[in-house]
Amino acid sequence: MATLLYRLGRFSYRRAWVVIGVWLVLVVGVLGASAALGGKTQESFAIPGTESQMALDRLDAVFPSVAGASAQAIVVAPTGGAIRDAAVTAAIKKMDVRIAKIPGVDSVISPFSQYAGNAISGDGRYARTQIQFIGASTDVKPATITALRATASIAEDAGLTVAFGGQVFQNNTVGLTVTEVFGLLFAAAVLFITFGSLVAAGMPLLSAIIGVAIVVGGISAISAFTTVSSSAPLLAVMIGLAVGIDYSLFILSRHRNQLAAGVEPEESAATAVGTAGSAVVFAGVTVIIALLGLLVVGIPFLSVMGVGAAFAVLIAIGVATTLLPALLGLLKGRLAPKPGSRAWKRAMVHDEGSRPTMGLRWVTGVMKRPVLATIGVIVVLGVLAIPALSLDLNLPDGGSQPKGSTQRQAYELIKKGFGPGYNGPLIVAVDITQTTAIQSDLEKIGAELKTLKDVEYVAQGFPDITLDTAIIQVVPSSAPDAPETKVLVQSIRDLAPSIEKKYGTPVTVTGTTAIGIDISNRLTSALIPFGAIVVGLSIVLLMMVFRSVLVPFKAALGFLLSVTASFGVIVAIFQWGWLGNVLNVENPGPILSFMPIILMAVLFGLAMDYEVFLVSGMREEFVHSGDAKQAVRRGFANGARVVTAAALIMFFVFFAFVPEGSGTIKPIALGLAVGVAFDAFLVRMTLVPAIMTLLGRAAWWMPRWLQRALPNMDIEGENLREHREAILWTHGQQGAALSAEGLLAGSAESPVGPLDFSIPSGALVLASGETTARRLVAATLGGRLDPLSGRVQVMGHPLPSESARVARLVAMADVGGLEREESRVMLGELLDERMRLSQPWHRIGSRRHRVERWIMRINAELAVVSAGRGVIVTAQSTLQELPQRERAIALATVALSEGTPVVMLDLLDSFASPTDEEAFLAAVCHLTPATTTLLLFTPATIRTGVAPERDLVVLPLATFDTATFDATTFDATTFDSTVFDTAAFDAPAFDSTAFDSKGALK
């Protein structure tokens, strides 16, 4: 990963304008598509599989006039007046008639209708008009709402007060207020203090804003095709800004530190992306896993929120690892801190005589008293978590809307005129298909419902036209979000079996209030599987990153402390009303039902961000020094300042959404703000170094079997350092096609080497040895097997860091033996298949002609080496029917057909006669292009008197005694070996004095 990101960072640096142009095109394209599609956010709290949703779906099928979206028009007579006054009554009726004519309105029940129920208050001043729309709330068009609002003027002209309530009137607009702008300004101030440079401070902000623009445009475009909650883009904006700034901050901070140390700008940018960028990628993946874990809950609107926020994190990762290094490529070395400046001194913090930073002093104090620090953090967070025991959850209703909104006014007027329960009536759906005494049974069922506790009013039941389903409206005495209402819903469900037994009429409860209760129950039951999946996957990921068992579990337990403490703060403020006036909390009450699971998902991901950024520095120091305590000290000092800056930025960005945010997003924003503060400053920067100090070397323990099972992600960049050193060594190989120094190939069971050689381009290499040694060396040089030690490069690409590229540059084939399954394969089929697998797609159409040309070349060479007396080879010739010499040449041609610059052939069996051996070697050398390097592996040294017209390298292969060999401690540089052993080389046709020490012809 580090090597891949290193290359990506270098490419972005070198191709700065191309990368920047791609991002700008993406921004313009996404925003343009969003504007063209005209998508809008809509609230839809559908929850498939629950009783309330299934009942609503049934009503939608058989009783659509009551299943669609609904609203209420609340009319209040002036002081001293009454609804029954003639003028007032006339105005209300006129308004109701106008409403009924609005397109999209299905029906209107006037407060004076016989079906209105208890629609006029006891004091005679309040009246409710029920409005039913065609379809769900997501189907109600804005024009319908506008026309409905306009009818208020009819009643207002008569001196009445009018307010409209219902889900369709919720404020779904998404926009940034001035407080969010202040959040960005605070973030900019933190960045300036951190970097001491306006240019450096502006780069993370610019990158994050570009990423957020893409995210908002993408979500807006998607909203044209599916229902997207208004909270989804706001959550994505919060997450996108926070992580977008932080991820760029980490990479830029590493880059400036390296510039201060004298690293060349391009190399520094690439290295910063490879090292700090690796931490960014894995931290971001952890956040994405946590957010996508919301899909487990099975609630559509919550899934959309999770996917939208995960998309924001993905874009932030892409921006940080591509756009940021492109911007660095434009600035070159101008971001280097000036020697003697504060930024330069911070980069040199570990130099002798340097002044210790605040982070270094802090971690030193924590490490002196780790037990006290651990207990202190646990006690503080534990006390803050106490209010979380009183957590009460519910969906947002009219009471959570901003003051002054028509929905909030309607909510307050209904509560004052009729009682709180009228803001959330329950709908009891009754299946009447099995009864004949419909009206009698409905009356009896209504009477039983009236006996339940907390019932304020039970309306008369009325059936649909087809007499399939009837509905009974039950008004609770308590508010929709009151615990007593939840108890009432469960009481009706508990009563349902006895009602069905008595009357043969199954009963279900639905309505907005019941759906909200079911969502809360679903979310509560989903917390355990959600936590298990998200935390479990993240722990495995952190094990891969840190190569430790205890560190990931310690990280997860620290998260539990910070998240429960943030729950406690939310309950105290939004449920109990503490500091409500300061934070503009207008209506304390139950917490948003999906807040805990969203907060857990986002905060867990962000907590792992800090864990990765801080502990990866400790891991890096431990890998290099092996001193566990010194690693904690130095790793913390290296990352403390940037983690502090990142946490402050996140806090300000999240908190900016609290004062003027919507009732839906406000508790989430505050929970994230305080959760980030608790987790960064108390857990990660106090508890973590304390526990790491107590654990010592045990913190990095992992059983061997688990180390083998989990891939090593190398987040500390050790492989990247080796790759960079290998690149420097490769550049010094003077253009050799293949070269090695102290190469030990193979495996711990069968090591081969050490080998030293330098093979020029177009040379012929004769490598002899036993079968195992030949195969292991060929697999290593072909990029299929990593070397055990030493240095090796093929065509300018070091191994093993660029083994994938090498594998594409090397063709391999066995040319001597014959496997049973290959015996009946035709040569033409074999050539065609090898070309199909190795050639680019645009050359596929010419395969047949190229197969014919290769076969013609084979026959031409056979005619030369056999003086016209050889076997004629055709595309239909099977390998079984060809003699050994012809078969070997044909199989060599199959490898040559790939057109790679390096070809490796393994002659499994020696030729029967020196003549065949000589003919094979001559034919293959003629078939091989002059610039192609040919390696021929043989069981014994080829004895031939024909010297090919190309450079010749003889490479004897030998294996070690595995009984005395330890691959983990072997150092090839301690061996004094030569590649070419003239004493062991018995070839009368060759003169050993003609070869240099590398085995190449002088």
Side-chain angles (χ1 to χ4, degrees), residues 31-46 56 59-60 63-75 91-111 127-158 160-175 216-217 219-234 300-301 304 396-398 401-402 404-411 413-414 512 662 664:
L31 293 178
S34 170
L37 293 171
K40 292 185 180 297
T41 59
Q42 301 178 27
E43 301 305 323
S44 175
F45 297 112
L56 193 62
L59 289 177
D60 186 42
F63 213 155
S65 61
V66 298
S70 62
Q72 296 183 90
I74 314 303
V75 181
I92 294 175
K93 288 183 177 181
K94 183 178 180 181
M95 185 180 75
D96 293 345
V97 170
R98 179 75 61 84
I99 293 174
K101 294 179 180 179
I102 296 174
V105 172
D106 181 72
S107 62
V108 176
I109 302 178
S110 171
R128 294 182 297 118
T129 294
Q130 286 293 123
I131 305 162
Q132 199 71 30
F133 296 97
I134 299 173
S137 60
T138 54
D139 300 325
V140 179
K141 296 180 180 180
T144 301
I145 303 301
T146 302
L148 182 59
R149 289 178 184 270
T151 62
S153 61
I154 298 174
E156 290 172 348
D157 291 343
L160 306 177
T161 300
V162 181
F164 294 98
Q167 191 180 69
V168 294
F169 289 98
Q170 286 188 2
N171 183 12
N172 297 332
T173 58
V174 178
V216 172
I219 294 177
S220 178
I222 291 297
S223 67
F225 303 99
T226 186
T227 302
V228 177
S229 167
S230 62
S231 302
L234 280 176
F301 77 88
V304 172
D397 54 25
Q401 293 298 300
S405 65
T406 183
Q407 192 174 13
R408 178 67 177 273
Q409 290 175 354
Y411 184 90
L413 291 174
I414 291 174
T512 304
S662 67
T664 302

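These values consider heavy atoms only, across backbone and side chains, with no hydrogens, waters or symmetry-generated copies. Here the structure is a predicted model, which means the values were calculated and not measured.
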Checklist entry - Quick one: side chain to side chain donor-acceptor pair (under 3.5 Å) partners of S110, sequence neighbours excluded? => result D96
Could you state the interatomic distance from [atom1] ([X]) to [atom2] ([Y]), rounded to the nearest 0.5 Å?
X    : Y    : atom1 : atom2 : value
T151 : I131 : OG1   : CD1   : 7.0 Å
K141 : I102 : NZ    : CD1   : 14.0 Å
Q72  : I109 : CD    : CD1   : 10.5 Å
M95  : L160 : CE    : CG    : 8.5 Å

Any idea which heavy atoms bring [X] and [Y] closest together, and the distance?
X    : Y    : answer
I92  : P111 : CG2-CG, 4.0 Å
P233 : I219 : CA-CD1, 4.1 Å
L148 : F164 : O-CZ, 3.3 Å
S34  : S220 : OG-OG, 2.7 Å
A410 : I74  : CB-CG1, 4.0 Å
G104 : T144 : CA-OG1, 4.3 Å

